[in-house]
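Working notes, structure below.
Heavy atoms only: backbone and side chains are in, while hydrogens, waters and symmetry mates are out.
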Amino acid sequence: MSDIDKRNRLSEEPFDYQITKKGTVVIYYEGKQIKNVKDREAERLIARIKEVENNITAVQLLLAKITGNFKRGNEKFGKMKRK
């Protein structure tokens, strides 16, 4: 996995997740909710997380892949426009 995470950002554990009673997975990035995974996709994600739950970096990689490219670098601009 060293080829995938060259800057070692996943070792800092930026992603967190919560499995709800309904079977959905809520994914957080640095404490902020960024994605809800439902239905079949949630079932597959839960199964994959359970397979690699002992390897924290692998779990972080799964969560990073399922969220996709959600950060574009313009998150701060929304606050600046409100002035």
Interatomic distance, Ile27 atom CD1 to Ile34 atom CD1 [nearest 0.5 angstrom]:
6.5 Å
Please identify each residue that fulfils side-chain contact (heavy atoms from CB on, under 4.5 Å) with Ile56, with sequence neighbours left out.
Glu13, Gln60
For Gln33, which residues count as a side-chain contact (heavy atoms from CB on, under 4.5 Å) partner, sequence neighbours excluded?
Val26, Tyr28, Asn36
For residues 41-51, please give each side-chain donor-acceptor pair under 3.5 Å, one per line with the distance, not counting sequence neighbours.
none

Could you go through the side chain to side chain contact (heavy atoms under 4.5 Å, CB included) check for Thr67 and Tyr29 one step at a time?
CA-CA 10 Å; Thr67 57; Tyr29 179 79; over 6 Å; no
By the ring-ring contact (aromatic ring centres under 6.0 Å, His included) test, which pairs, at least two apart or in different chains, include something from residues 40-67?
none
Which residue pairs satisfy the ring-ring contact (aromatic ring centres under 6.0 Å, His included) criterion with at least one member in residues 47-66, sequence neighbours excluded?
none
So, using ring pair (Phe, Tyr, Trp, His ring centres under 6.0 Å) as the criterion, who are the partners of Tyr17 when residues are at least two apart?
none
Quick one: are Val37 and Thr24 in side-chain contact, heavy atoms under 4.5 Å?
no
